[in-house]
> 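Provided herewith is a single structure, encoded as structure tokens, for subsequent inquiry.
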2 protein chains.
Amino acid sequence: MSAAESKPVSIFDVAKRAGVSHQTVSRVVNDAAGVADSTRAKVKAAIGELGYRPNRSARALAGGAVRSVTVLTTDTSLYGTAETLRGIEDAARAAGFTILISVLDPDEAYTETDILARLPHDGAPAIVIAHDETTARAMQTLQKTQAHATVATGGEHLGVEQPAADWLVSLDDRTVAARATKYLLDMGHATVHYLAIPSKASRRTGWAAALAEAGVEAPPVVPSGWSVASAYEAATELVADPDVTAVLCGNDDLAFGVLYAAHRAGRSVPGDLSVIGFDDCPLAAYHVPPLTTVDLDFRGVGRGAFELLRGKLEGGERPRPVWRSPELIVRETSGPPERRRLPKGFPCIHSFAAASRPRPRPGCSPASPPHPPRPGTSPSCPSTSDGSGASRSTAPSARSTASPTPACPATT
Amino acid sequence: MSAAESKPVSIFDVAKRAGVSHQTVSRVVNDAAGVADSTRAKVKAAIGELGYRPNRSARALAGGAVRSVTVLTTDTSLYGTAETLRGIEDAARAAGFTILISVLDPDEAYTETDILARLPHDGAPAIVIAHDETTARAMQTLQKTQAHATVATGGEHLGVEQPAADWLVSLDDRTVAARATKYLLDMGHATVHYLAIPSKASRRTGWAAALAEAGVEAPPVVPSGWSVASAYEAATELVADPDVTAVLCGNDDLAFGVLYAAHRAGRSVPGDLSVIGFDDCPLAAYHVPPLTTVDLDFRGVGRGAFELLRGKLEGGERPRPVWRSPELIVRETSGPPERRRLPKGFPCIHSFAAASRPRPRPGCSPASPPHPPRPGTSPSCPSTSDGSGASRSTAPSARSTASPTPACPATT
DNA sequence: CGAAGGAATGTTAGCGCTCACGATCCAGGT
DNA sequence: ACCTGGATCGTGAGCGCTAACATTCCTTCG
């Protein structure tokens with residue numbers, strides 16, 4: 001309350017004011033036992049009057065409980081990273097931890113010392129959001145010397161499966177990638193192409209596995225950057241090929257890029273081309289057309305990572321995060337391939353496409369299917385209470401597995 | 001290099017190894033003058049051999065230069081916030097500063113002590129990303145007692161204009177909101193509606209001012225949350241009204257929500273309805289149709305905030321950030337209102353809309369206008385080298401101010 | 001050739017806090 | 001009356017570092 005431009009109040013100031021020793025104040029501040037209630041009250045009063053706040057540096061230096069986590073990452077503005085960070089934050093805040101962020105440059109080659117210097121002090125707890133080479137290497141460095149206080153998320157580059165490691169929280173996106181691929185194959189697509197994010201992603205493995213299982217030769221992976229723009233560029237060639245009828249994308253942003261490229265190439269979606277993303281970012285459900293994607297609970301991963309770390313730090317029995325399998329959310333960018341296939345290299349496919357495209361047509365009828373957009377956080381669907389895996393009720397548009405119900409007939 | 005599970009190496013260990021005093025080591029570590037080159041080399045060798053890294057807590061405690069910034073914000077996953085944070089990070093990293101993040105809950109009522117307790121110690125430097133009430137109040141608290149070490153960004157809630165304050169870095173979005181509104185008015189729209197983000201935004205002021213100047217009575221502001229979903233919900237009623245022909249949205253996410261709502265309501269864009277966003281998020285240029293929006297350089301704001309803070313901290317002459325006016329990027333969600341207006345309450349507007357909608361039609365001709373998507377960072381356009389304000393070359397789709405050139409004729 | 005002055009280095013005293021231990025007080029048991 | 005022991009509180013040391021001052025050693029100049 002009384003905060004002038006003077007020396008900050010220390011534990012000794014409080015002690016004098018309350019007529020006790022500094023150690024007693026320390027005990028009160030840290031909720032330690034062995035302080036009489038009357039004394040505790042006196043001290044608390046003094047703290048209030050003086051506006052005392054503990055100095056974290058001093059506390060850390062003196063060997064108190066650490067109460068801070070350093071998060072190492074490369075790009076805080078990517079959806080997955082940002083959400084993971086949010087999860088860590090949420091959990092950390094609830095536990096009274098402070099968060100330090102250390103952003104690494106994906107293009108720089110760091111020495112081990114460079115990485116260790118990112119920590120506030122030796123042995124400081126850290127979480128690495130490992131979605132690329134740089135962060136994966138950082139994790140390996142920390143593993144060597146600070147294993148007791150380090151946890152990673154993601155980590156496709158780390159070459160470890162979740163069940164094996166007690167320092168990794170990740171998603172089983174390999175399985176769901178396989179499921180998504182199989183879903184497309186089952187629908188009649190001859191093959192599924194994969195537009196890859198820059199990461200040795202397990203998603204790719206899942207995709208390849210599903211193709212192999214179906215006896216389909218995997219087409220070459222199409223590499224892309226992280227941005228919509230790079231996906232657009234990477235996809236232009238792909239969507240120009242009428243034999244390409246289904247594209248699985250490394251994340252939603254890439255899917256949007258493909259969708260835009262498809263639009264410019266005159267391919268209709270999903271009649272002509274099916275596109276599936278990864279992430280279920282907030283926009284996915286509200287895109288035109290709504291994007292079929294995979295619901296990846298990055299926030300849960302972040303929370304899990306923090307809890308895991310806290311468990312290692314405090315030794316006590318903390319709930320270990322489970323390795324949940326994400327779910328495929330079928331919306332309106334995926335469906336069976338066009339029955340009436342176009343001859344390869346056909347100059348203009350507009351008339352065909354327009355005639356047979358079922359749904360996502362702006363300027364359609366206002367009497368579209370009822371739309372219950374409740375993208376809140378309620379986890380389970382009250383009415384449709386079968387947990388059969390392929391859909392979730394958090395997304396606005398209802399699932400549509402096969403048989404695309406034409407919302408508006410081709411012409412009135 | 002040699003990092004076992006033992007006591008971390010301190011400045012004294014290095015001193016002993018190098019055969020000097022700990023203070024000399026300190027001088028070397030901090031690049032202080034007055035150390036002989038030979039000694040410096042010896043010490044550096046010892047540091048390398050022992051793998052010594054300074055302890056930040058101890059350094060901070062002992063009163064060394066601070067080298068850390070606390071960023072206070074409410075939501076790290078919002079585009080504007082995330083980008084501002086990136087800007088701060090970039091600048092901070094370059095300057096060797098550490099970043100602490102403290103996330104506030106927008107729904108919580110914090111006391112002054114609560115806020116101050118977020119800082120690692122009294123007088124610690126901080127940047128507040130003030131996009132809502134909570135953060136604005138936090139800023140006011142810090143202003144009172146830590147003014148010398150605090151800087152804010154955004155701050156529509158702070159009631160201060162940039163030129164007046166030496167602790168605020170923000171964008172002149174009021175002016176550009178007015179410009180966008182005027183652009184729509186000039187194009188023939190009878191009025192412009194505003195879908196507001198939850199913030200006493202200057203954007204709204206600009207919008208209202210432009211309407212007032214044109215002698216148009218401002219329609220009621222439509223409130224929305226930050227999410228696409230809330231925008232969709234808020235906009236359903238709005239887009240159902242055929243008299244509404246132009247909507248200015250508080251940010252791009254809201255614009256996407258409106259676009260989706262318009263799509264479901266059977267309104268065509270931009271023939272039937274013009275929509276303008278704010279932010280120019282990466283997706284805007286690749287949306288279908290590409291979104292007319294305002295390029296807000298949040299990353300620049302973040303960098304500017306950090307530089308301003310550093311200036312206050314170090315006292316020296318640092319470049320003061322300038323108050324740049326953002327630019328309107330006209331893409332394909334805005335245009336003149338339909339000449340052939342529909343009678344109010346007309347049951348199905350599909351046939352009209354489809355017949356006259358010029359451009360954004362999936363499944364159009366592959367011979368669309370040449371598309372140069374170079375969303376890199378090259379700031380100026382080589383060919384069109386007039387800086388006349390209404391467009392920027394960083395966005396893929398070319399500008400189209402008035403007269404929408406139909407890319408594909410209605411039917412072949 | 002001695003004093004002054006500077007460069008290089010060492011010594012001391014904290015920063016604000018916690019840990020480990022020591023001191024004090026008062027109940028209860030013998 | 002004495003001892004024991006738990007509850008409560010105080011004292012001293014030290015975490016790793018830097019600021020301020022002290023010291024040493026070598027130039028350089030009158």
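Source: prediction; values computed, not measured. Below, chains carry the letters A, B, ... as their sequence lines are ordered, and counting in each starts from 1.
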> B:Ser21 side chain: which of D:dT18, C:dT18, C:dG10 is closest?
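Shortest atom-to-atom distance from the side chain points to C:dG10.
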> Is the shortest side-chain N/O distance from A:Ser26 to OP1 or OP2 of C:dT18 below 4.0 Å?
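Yes.
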> Using atom types as modelled and distance alone, determine if a side-chain donor or acceptor of B:Lys42 lies under 3.5 Å from a backbone N or O of B:Arg17.
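No, B:Lys42 side chain to B:Arg17 backbone: no donor-acceptor pair under 3.5 Å.
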> Would B:Thr98 and B:Arg67 count as a side-chain contact (heavy atoms from CB on, under 4.5 Å) here? Give the steps.
CA-CA 6 Å; B:Thr98 298; B:Arg67 311 217 138 264; 5.9 Å; no
> OP1 or OP2 of D:dT18 less than 4.0 angstrom from a side-chain nitrogen or oxygen of B:Asn30, does that happen here?
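Yes, B:Asn30 has a side-chain N/O under 4.0 Å of OP1/OP2 on D:dT18.
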> Between B:Gly34 and B:Ala58, just flag the one whose closest nucleotide in DNA chain C comes earlier from the 5' side.
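Nearer the 5' end of the strand: B:Gly34.
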> For A:Asp122 and D:dC15, give me the distance from atom CG to atom P, rounded to whole Å.
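After rounding, the reported distance stands at 15 Å.
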> Choose from D:dC17, D:dC9, C:dT18 the nucleotide whose nearest atom is closest to any side-chain atom of A:Gln23.
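Selected nucleotide: C:dT18.
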> Is B:Val29 touching bases, backbone alone, or none of the nucleic acid, heavy atoms closer than 4.0 Å?
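The answer is nothing, as B:Val29 stays clear of every strand by at least 4.0 Å.
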> Between B:Lys16 (NZ) and C:dT9 (C1'), how many Å, whole number?
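Distance, rounded to whole Å: 19 Å.
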> Just call it for B:Thr39: base, sugar-phosphate, or nothing, with non-hydrogen atoms closer than 4.0 Å on any strand.
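Touches sugar-phosphate only.
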> Check every atom of C:dT18, D:dT18, C:dT9 against the side chain of A:Ala62 and return the nucleotide holding the closest atom.
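Out of C:dT18, D:dT18, C:dT9, the nucleotide with an atom closest to A:Ala62's side chain is C:dT18.
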> Take atom NE2 of A:His121 and atom C1' of D:dC15, then tell me their distance rounded to the nearest Å.
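Distance check: A:His121 NE2 to D:dC15 C1' gives 11 Å.
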> Take atom CZ of A:Arg56 and atom C1' of C:dT18, then tell me their distance rounded to the nearest Å.
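Taking atom C1' of C:dT18 as the reference, CZ of A:Arg56 is at 17 Å.
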> So, the side chain of B:Gln146 versus the backbone of B:Gly123: is there a donor-acceptor pair under 3.5 Å, distance only?
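Yes, the answer is positive, given that a donor and an acceptor are paired below the 3.5 Å cut-off.
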> Quick one: the side chain of A:His22 and the base of C:dT18, do they pair up donor-acceptor inside 3.5 Å?
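In this structure, the two groups form a donor-acceptor pair.
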> Enter the distance from B:Ile11:CD1 to B:Gln23:CD here, rounded to the nearest 0.5 Å.
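Between B:Ile11 CD1 and B:Gln23 CD, I get 7.0 Å after rounding to 0.5 Å.
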> Which nucleotide wins on minimum distance to the side chain of A:Ile11, given the candidates C:dT9, C:dT18, D:dC17?
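Ranking C:dT9, C:dT18, D:dC17 by closest atom to the A:Ile11 side chain puts C:dT18 first.
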> Output the rounded distance in Å from CZ (B:Arg59) to C1' (C:dG16).
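Roughly 18 Å, once rounded to whole Å.
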> Which of these nucleotides, C:dT18, D:dC17, C:dC17, is closest to any side-chain atom of A:Pro54?
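When the side chain of A:Pro54 is considered, C:dC17 is the closest of C:dT18, D:dC17, C:dC17.
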> Rounding to an integer number of Å, can you tell me how far A:Asp37 CG sits from D:dT8 P?
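That distance rounds to 8 Å.
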> Could you state the CZ-P distance from A:Phe12 to C:dT18, rounded to the nearest angstrom?
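Nearest whole value for this atom pair: 11 Å.
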> Does a distance-only test, which skips hydrogens and angles, find a donor-acceptor pair under 3.5 Å between the side chain of A:Arg27 and the base of D:dG10?
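Flag set: donor-acceptor pair detected.
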> Taking the side chain from A:Tyr52 and the backbone from A:Asp13, do they hold a donor-acceptor pair closer than 3.5 Å?
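No; judged by distance alone, with no hydrogens or angles, the pair does not exist.
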> Among D:dC9, C:dT9, D:dG16, which nucleotide sits nearest the side chain of A:Leu61?
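Of the options given, the side chain of A:Leu61 lies nearest D:dG16.
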> Can you tell me the distance, in whole Å, between the CG atom of A:Asn55 and the C1' atom of C:dG16?
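Rounded to the whole Å, the gap is 6 Å.
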> Would you indicate, yes or no, if C:dA8 has its OP1 or OP2 atom less than 4.0 angstrom from a side-chain nitrogen or oxygen of B:Thr24?
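Indeed not, no polar side-chain atom of B:Thr24 lies that close.
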> Considering just the side-chain nitrogens and oxygens of B:Ser57, establish if one lies under 4.0 Å of OP1 or OP2 belonging to D:dC15.
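Result: no.
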> Is the backbone of B:Asp105 close enough, under 3.5 Å, to the side chain of B:Tyr110 for a donor and an acceptor to pair up by distance?
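Indeed, once roles are kept as given, a pair shorter than 3.5 Å links the two residues.
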